[in-house]
Amino acid sequence: MRPAFIKELEDILGPGQVREDRETRQAVALDPEALPDAVVFPQDSEQVARVVSWAGKEGIPLIPWGAGKHAFRGLLPLRGGIVINLTGLQKVLEFDQDNQTAYVEAGLSLAQLKEIFGAGRLFLPLDPVEGEACTLGGCIASHASGPRKLGYGTIKDYLLGLEVVLPTGEVVRTGGKTVKNVQDYDNTRFLAGSWGALGIITKAMLKLKPLPEKEVTMVLGFNALDEACEAAYTLRKEWGPVALELLDSRTLTALENIGSPLPGEGKERLVVAFAGFAEAVDWQVDQVVARFGSRARINIYTNTEAQAVWEARRKAFAAFSGEKGGLLGQVSLPFTSTGKFITEVDKFISSKEVKAGIVAHFGNGHVHVFIEHPPLAYSEVRGFLAGIEEQALKEGGLFLVDNVGDLEDIRKKVENRGSALLPLLKRIKEALDPKGILAPNSKAIAYALSPRG
Amino acid sequence: MVDRETLKELIQIVGRENVLTSEVSLATYMYDATLLYGKPDVVVFVENAQQIASILKLANSKGIPVTPRGAGMGLSGGTVPNRGGIVIVMTRMNRILEIDAENRVAVVEPGVTNMELQKAAAAYGLMYAPDPASQKVSTMGGNFGENAGGMRGIKYGVTKDHILGVELVLPTGDIVNIGGKWEPILPELNLLSLLIGSEGTLGIATKITVRLLPLPRAVKTLLAVYNTLEEAGNSVSQIVAHGIIPTTLELMDNKVIQAVEEWLHIGLPLEAAAVLLIEVDGWGPELDRQAEKIIEICRSNGAIQVQLARDAAERDNLWLARRAAIGAMARLRPSYDLEDATVPRSRLPEMLRRVEAIAQKYRLPIGMLAHAGDGNLHPLVLFDERDQEEMERVHKTREEIFRAALELEGTLSGEHGIGLGKLDFMPLAFTPIELDFMRRERRAFDPKGILNPGKFIPE
């Protein structure tokens, strides 16, 4: 990067907050061959705004960055440009226990927020498998959720308002502090999942929930996958768990192999969480035991033991991605077809030489197929992926490999919903980011901007 | 503005019998549930998305204003054709296309009323959570456009929390599908959120996919009576602070109590300053303890009486007062204005005090209803529209209520929308940069500015 540019950035941010060393740049690169020119570390939204204005003036791409935990899923590798690391935005501006809201800066991690809110017996019910090191801003930009989305929804359900630095360098506030609020376009939720393409989220007004009085995790083990699927179906229908996950035998073995076995017994397992008032949770657990006790091996966990179960669950993708990397296949389906899809894909995997496992947010009809294969060489397993996609389509679902840059595939799927969508998305991006500097590598929009082909 | 040629084309699109131009017909579509009005040039009834697409293409090419309209129950002038042009009436698109009970999803056309959907879902033991007070008549398209709220907001959220997808005609006349029945996994901009509550400025919904929830297994309903508004307001905050999120926390003040009692004679204490209607729902085993805790909190905050409904009939009876409230108040004067300024829950007692002071200052009767759990206040201002001097006081009252709400970290509108009614107050809530930001978004959807022009975002 030109020394004059570095100097100008240092004038905005102070010395030491603009880094060009290889190690810092490599740490935020999605491809070892495509590094940014610099990484900058603003400490407040005003500095963010000044950096954005400056980048606009110079026409330099800016990529917002938090803990970098989700980035591989939503951003394409990009050579050059400046990564703007937002972890320095650490202030808690307000924690309003009476209204169960908090106004906080985007660089705070989920672990930090948990501690702060927990002191008031409140929590932000967000449990991305990428873990508690994720920053709030990153979770919003990536529209994060985790196994508990069945009971609690996603990050967007806990956003009342945002402070956003627009691509023009202007600062706006969206939403407000009340749950009911219709005085503006819902830009608060609109920015959730934009992967940095429309603005840099610097602060968020969060709606919090009271910590549940009691929480119980159950691991139900079954001998056959179809039995597990059938039980999962009944569980959602009858007793409203907050999480309902399925892990197949291949995933359980892979977890054992990396030294993180999932607690519990049984070949194919469901991990189920109930949370709420003690009497209700006790009743729910009793009901499940009464119904499945004779058919499944049931283990019941609370507190740290329960945490260990979820800790192992979070490692499922790592158990396949290992050293060489893995493909993160995603399928969304009608809930009623989820079991059928899973048992069919299980047979399909058995018939192939590829190492893969199935993990499902069963209650949401959201199935992951984890495949041991380097993402950059994913074309080698195209045939395998096509087989899974075919099965998904047959059950009325949609299939996508999350962590590869197949823009043509995304474009096709979006275009299927109306050819006018692509020009509309392009107009929105141009209206908000006329210079096209903010996260041009955001997958949420890149397919609508790049030339076809 | 709508010339002969345009009329001819409209007739070609929907048929002669579905194009109205007589003075009487036009007058019928001049207003909504506010006192605002504006005359359209032509009223068109549509039956499918294709017709709407053709009409919007036509309007877009000629720059004709278009106002989509459901039941006309809006409370902010959103369906008032203030610039003339074409009114598109959506009420004939009123089919429930699908109730997929096992997947807990329904697909409806926009002209279906909220209540029709509730009834259809209830047959499967399910519900559509948003329940605006107008639900018997208001349409799902209107609910979508306004992001309608309701009584269950504190626990179940509002319209935007329950919409999964929409088929939409863009102002350019293109039909697109956004969201869908199943988990969204594509990396996409979240257009759906932007559209819900966009007050018919970004597109016209032609098919709406919603999430259904199981009806709660058990419900408990309580009514608490207070000598002061303050005590009622404090009870609300403390119930929630104790980790109990009721389904409903409705507050009515003395004026409302008197109006209801005078009309229905259901035994409400006429001297009470406030009553709270409280409902909790859930699985069952946990509710007794919650109800006990609520009774304890209400009593310790000064409730002079707390009733717990023992059966469905008693429950209905407790609800009667709330359901009849607006009708009872409306009997007292020729006109009323129903606002929906909303503040953070803990600021509600202060907001109630301020509205009382404003009522005294401008010598206007104001009854107060509130979805108290949401901090969502509905001051009902009573007046006679024919009295010019009184109307001036009404306008000042409204402005002071909005200013008070904003001062208390609240919003101009919790659930009714901005429309025309609150347009002038937008600069109080937003900076010029924020307004410009929203204008740019709007232009990206509607480059020619034909859809509901002059509403929601000041030009």
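Chain identifiers are assigned alphabetically (A, B, ...) following the order of the sequence lines, protein sequences preceding nucleic acid strands; residue numbering begins at 1 within each chain.
Under 3.5 Å, the side chains of Thr201(B) and Glu199(B) contain no donor-acceptor pair of N or O atoms. Defined by atom type and a distance below 3.5 Å, a donor-acceptor pair is missing between the side-chain atoms of Asn60(B) and Thr172(B). Inspection of the Glu183(B) and His361(A) side chains reveals no N or O donor paired with an N or O acceptor under 3.5 Å. In summary, the side chains of Lys149(A) and His366(A) do present a donor paired with an acceptor at a separation below 3.5 Å, with no hydrogens or angles considered. In this structure, a donor-acceptor pair under 3.5 Å is present between the side chains of Glu415(B) and His378(B).
Ranked by heavy-atom pairs under 4.5 Å with chain B, the list Arg189(A), Lys443(A), Arg427(A) is led by Arg189(A). Listed options Ile244(B), Leu194(B), Leu202(B) were ranked by heavy-atom pairs under 4.5 angstrom with chain A; first place goes to Leu194(B). The most heavy-atom pairs under 4.5 Å with chain B, out of Asp98(A), Asn364(A), Val179(A), come from Asn364(A). In terms of heavy-atom pairs under 4.5 angstrom with chain A, the leader among Ile418(B), Ile185(B), Leu191(B), Asp288(B) is Ile185(B).
Heavy atoms of His371(B) lying under 4.5 Å from chain A belong exclusively to its side chain. Neither the backbone nor the side chain of Leu191(A) comes within less than 4.5 Å of any heavy atom of chain B. There is no contact between Gln97(A) and chain B, counting heavy-atom distances below 4.5 Å. With a threshold of 4.5 angstrom between heavy atoms, Lys429(A) does not approach chain B through any atom at all. Using a 4.5 Å cut-off between heavy atoms, Leu408(B) makes no contact with chain A at all. For a residue to count as touching a neighbouring chain, one of its non-hydrogen atoms must lie under 4.5 Å from one of that chain's; by this rule Gln284(A) touches chain B with the side chain only. Of the atoms belonging to Thr178(A), it is side-chain heavy atoms, and not backbone ones, that fall under 4.5 Å from chain B. Of the atoms belonging to Val281(A), not a single heavy atom falls under 4.5 Å from chain B. Using a 4.5 Å cut-off between heavy atoms, Val343(B) touches chain A through its backbone atoms (N, CA, C, O) alone. Only the side chain of Pro447(B) has a heavy atom closer than 4.5 Å to any heavy atom of chain A. Using a 4.5 Å cut-off between heavy atoms, Gln290(B) contacts chain A through its side chain alone, with no backbone atom that close. Both the backbone and the side chain of Ile428(A) have a heavy atom closer than 4.5 Å to some heavy atom of chain B. The contact between Arg236(A) and chain B is made by backbone and side chain atoms together, counting heavy-atom distances below 4.5 Å. Contact annotation for Asn416(A): neither backbone nor side-chain heavy atoms come within less than 4.5 Å of a heavy atom of chain B. Only the backbone of Val331(A) comes within less than 4.5 Å of a heavy atom in chain B; its side chain stays farther off.
Using modelled atom types, one side-chain atom of Lys455(B) and one backbone atom of Gly78(B) make a donor-acceptor pair closer than 3.5 Å. In this structure a side-chain-to-backbone donor-acceptor pair under 3.5 Å is present from Asn99(A) to Ser346(B).
Screening Asn187(A), Asn181(A), Thr188(A) for a side chain to side chain donor-acceptor pair (under 3.5 Å) involving Thr174(A) leaves a single residue, Thr188(A).
Using cut-offs of 30° and 60° on the angle between ring planes, the pair His70(A) and Trp195(A) is perpendicular.
Aromatic ring centres of Phe430(B) and Phe437(B) lie farther apart than the 6.0 Å criterion allows.
Cation-pi geometry between Arg289(B) and Phe277(A) is not met: the NZ or CZ atom fails to fall both under 6.0 Å from the ring centre and inside 45° of the normal.
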| request: Show your working on salt bridge (Lys or Arg N to Asp or Glu O under 4.0 Å) between Lys181(B) and Asp100(B) and close with a plain yes or no. | output: CA-CA 10 Å; Lys181(B) 287 183 189 168; Asp100(B) 181 347; 5.0 Å; no
